[in-house]
J.: 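Sharing a structure, written as structure tokens. Questions coming.
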Protein chains: 2
Amino acid sequence: MALEHAILVSLLEKPGSGYELARRFERSIGYFWTATHQQIYRVLKRMEGDGLLAVREVAQEGRPDKKEYSVAGPGRAALSQWLHEPIEPESLRHDLAVKIRGAAFDDPAAVLREVERHRRVHSDRLAHYLAGELRDFTGPAAPAPLDTGQELQHVVLRGGIAYERMTIAWLDDVLATIHRLSTGSPTTDDH
Amino acid sequence: MALEHAILVSLLEKPGSGYELARRFERSIGYFWTATHQQIYRVLKRMEGDGLLAVREVAQEGRPDKKEYSVAGPGRAALSQWLHEPIEPESLRHDLAVKIRGAAFDDPAAVLREVERHRRVHSDRLAHYLAGELRDFTGPAAPAPLDTGQELQHVVLRGGIAYERMTIAWLDDVLATIHRLSTGSPTTDDH
DNA sequence: TCCTTCTATGCAACTCGTTGCATAGCCAAG
DNA sequence: CTTGGCTATGCAACGAGTTGCATAGAAGGA
């Protein structure tokens, strides 16, 4: 049910339409949670029905009307309650790791190419996050005294950056390991 | 559909029952993929029906009979095909990050306690992974010349270790940030 | 002019994953 | 002797998430 809470946080940071939320989920919120527009529209409707959100129809020029959602009293209460409940620390779900272990039973070259491709994607993401950090938090154009909300957004972004750096380093380790196994002396140990 | 493939890899490494698979998913495979026994039993049944797996009833003494699954020809082919297909690099899904951003709109102390609790869990996991590494790969009792499968299992485990270390360091950053915001110079209003 | 892209919302069908419950024999601790 | 834990399998119901499709006006390029 964390999608509901992610929406509450995002709408508290700034009210917006389903479409705008979907775009935020591709950007800042997307550092740690993903959602498609279908999911978002469905959940928004449910949350409105439950009285957690308020809607306002906004007519626009040159583009379709939109429904701007904002957090109502019960929505804020629901978020507060969730913040006080313990949640399960979650575990990784990384299919690439499944592929890597699967390489022992198939052509390792195919897996190698896949690992290289993933490395490029993570490298691009890192560059994107670093650009965002410079723009919003550490660059000259960023607001100098950050408020609480911005500081917390920054620390979450630093988490995304750390994750990408760790992943890239690990994928380098994976590449080196597969190379060693296929070209180098078979069955030497490293450490 | 990666659960199917994770099961194929695990059964290629060693055939076993649904129950045994469920326990592996709490251990080694669980470093990067989780699954409950319900899911596993359901998927095993489907895979057997699709001809990917072979079953063998095994009578045991002092405990219930079990069904030992192993990978059949079509199962191996299905894995091979998947290994040659590109997959989407996945993104994080971290509800703790939602909570951290949510702390701007509620009592930060509650979130602080939650972060500390998660830090302990990740710390325990790291210790557990390191013990496993020593036991299976780097310790004196480990088989000295590791084979390909073991080397690949090791590099995946190193990924789990790197993930836990990164996460712990990040949570320390989060703790320091929240402390700074609440005790240090109160720069202010959030909302 | 047509084709694509962007804004904006939504339905329907499906698969994936979780939670609660049920069975059943064995073993060990209190 | 009863309670709880371990091995071992499974059903049913629900909620979460994905994929394909549909609508519709405005803007901009080939």
Side-chain angles (χ1 to χ4, degrees), chain A residues 1-8 15-27 29-30 32-50 52-53 55-69 78 82 85 87-95 98, chain B residues 1-7 15-27 29-30 32-50 53 55-69 82 87-95 98:
Chain A
M1 282 252 185
L3 177 55
E4 280 198 12
H5 304 110
I7 287 175
L8 287 171
S17 69
Y19 187 82
E20 284 161 357
L21 277 172
R23 296 188 60 218
R24 290 185 211 170
F25 274 87
E26 286 166 8
R27 288 174 43 77
I29 307 277
F32 51 83
W33 203 269
T34 58
T36 59
H37 75 272
Q38 276 78 355
Q39 244 181 299
I40 291 167
Y41 284 124
R42 204 197 304 157
V43 173
L44 280 175
K45 191 156 281 186
R46 188 182 67 214
M47 291 171 77
E48 193 212 330
D50 293 346
L52 306 180
L53 301 179
V55 207
R56 198 168 59 94
E57 291 268 350
V58 177
Q60 299 184 114
E61 289 190 10
R63 38 179 77 178
D65 296 356
K66 68 175 181 178
K67 297 183 183 173
E68 195 183 73
Y69 289 89
W82 179 69
E85 279 166 14
I87 50 171
E88 274 298 291
E90 53 225 282
S91 314
L92 281 179
R93 281 258 167 128
H94 213 124
D95 4 23
V98 179
Chain B
M1 282 251 181
L3 177 55
E4 278 198 14
H5 304 111
I7 287 175
S17 68
Y19 187 83
E20 284 162 358
L21 278 172
R23 294 188 62 218
R24 290 185 210 170
F25 274 88
E26 285 167 8
R27 286 174 44 75
I29 309 275
F32 50 83
W33 202 268
T34 57
T36 59
H37 75 271
Q38 276 78 355
Q39 244 182 300
I40 290 168
Y41 283 123
R42 203 196 305 159
V43 172
L44 280 175
K45 192 155 279 187
R46 188 181 68 214
M47 290 171 78
E48 191 211 331
D50 293 347
L53 301 180
V55 208
R56 199 168 59 94
E57 291 267 350
V58 178
Q60 300 185 116
E61 291 190 9
R63 38 178 79 178
D65 297 356
K66 66 175 183 179
K67 297 183 183 172
E68 194 183 73
Y69 289 90
W82 178 68
I87 51 172
E88 275 296 294
E90 52 226 279
S91 313
L92 282 179
R93 281 256 168 131
H94 213 122
D95 5 23
V98 179

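Since the structure is predicted, the reported quantities are computational estimates derived from the model, not experimental observations. By convention in this document, chain letters (A, B, ...) are assigned in the order of the sequence lines, proteins followed by strands, and residues within each chain are numbered from 1.
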J.: Do A:L8 and A:L53 come within less than 4.5 Å of each other through their side chains, counting heavy atoms only?
T.: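 Side chain of A:L8 against side chain of A:L53, heavy atoms only: contact under 4.5 Å found.
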J.: Taking atom C1' of D:dT7 as reference, at what distance in whole Å does atom CZ of B:R24 sit?
T.: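 Roughly 15 Å, once rounded to whole Å.
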J.: How many whole angstroms separate atom CG of A:D95 from atom P of C:dC16?
T.: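 Checked: the CG to P distance equals 13 Å.
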J.: Contact list please: residues 38-48 of chain B against DNA chain C, heavy atoms, distance less than 4.0 Å, in numerical order.
T.: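 Close to the strand are B:Q38, B:Q39, B:R42, B:R46.
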J.: Answer yes or no: is there a donor N or O on one side and an acceptor on the other, between the side chain of A:E48 and the main chain of A:K45, under 3.5 Å?
T.: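 Side chain of A:E48 to backbone of A:K45, a donor-acceptor pair under 3.5 Å: no, none is there.
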J.: Rounded at 0.5 Å granularity, tell me how far NE2 in B:H94 sits from CH2 in A:W33.
T.: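 Spacing of NE2 (B:H94) from CH2 (A:W33) equals 10.0 Å.
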J.: Whole Å only: how far is the OH atom of A:Y19 from the P atom of C:dT5?
T.: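 Between P of C:dT5 and OH of A:Y19: 13 Å.
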J.: Could you give the CZ-to-P distance, from B:F25 to D:dA8, as a whole number of Å?
T.: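 To the nearest whole Å, that distance equals 17 Å.
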J.: Nearest heavy-atom pair of B:F25 and B:T34: which atoms, and what distance?
T.: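 Looking at all heavy atoms of both residues, the closest pair is CD2-C, 4.2 Å.
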J.: What is the distance from CZ of B:R63 to C1' of C:dC27, rounded to the nearest Å?
T.: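 After rounding, the reported distance stands at 11 Å.
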J.: What integer distance in Å separates B:E26:CD from D:dT7:C1'?
T.: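 Taking CD of B:E26 and C1' of D:dT7, I get 13 Å after rounding.
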J.: Rounded to whole Å, how long is the line connecting atom NE2 of B:H37 with atom C1' of C:dC21?
T.: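 Checked: the NE2 to C1' distance equals 10 Å.
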J.: If you pin B:Q60 and B:R93 to their nearest nucleotides in DNA chain D, which one's is more 5'?
T.: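 The answer here is B:Q60.
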J.: For B:E57 and D:dT9, what is the distance between atoms CD and P respectively, to the nearest whole Å?
T.: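 Roughly 9 Å, once rounded to whole Å.
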J.: Quick check: on DNA chain C, is the nucleotide nearest B:L3 upstream (toward 5') of the one nearest A:P64, or the reverse? Name the residue that is more 5'.
T.: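 The residue whose closest nucleotide sits nearer the 5' end is A:P64.
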J.: Among residues at least two apart in sequence or on other chains, which ones pass side chain to side chain donor-acceptor pair (under 3.5 Å) with A:E85?
T.: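 Listed in chain order: A:Q81.
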J.: Would you find more than 12 non-hydrogen atoms of other residues, nucleotides or ligands less than 6.0 Å from A:R23 atom CZ?
T.: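 It does not: A:R23 CZ has 12 such atoms or fewer within range.
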J.: What residues form a salt bridge (Lys or Arg N to Asp or Glu O under 4.0 Å) with B:R46, not counting sequence neighbours?
T.: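 Checked B:R46 against salt bridge (Lys or Arg N to Asp or Glu O under 4.0 Å); matches are B:E4.
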J.: Less than 4.0 angstrom between a side-chain N/O of B:S17 and OP1 or OP2 of D:dT9, yes or no?
T.: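 Answer is yes, contact under 4.0 Å.
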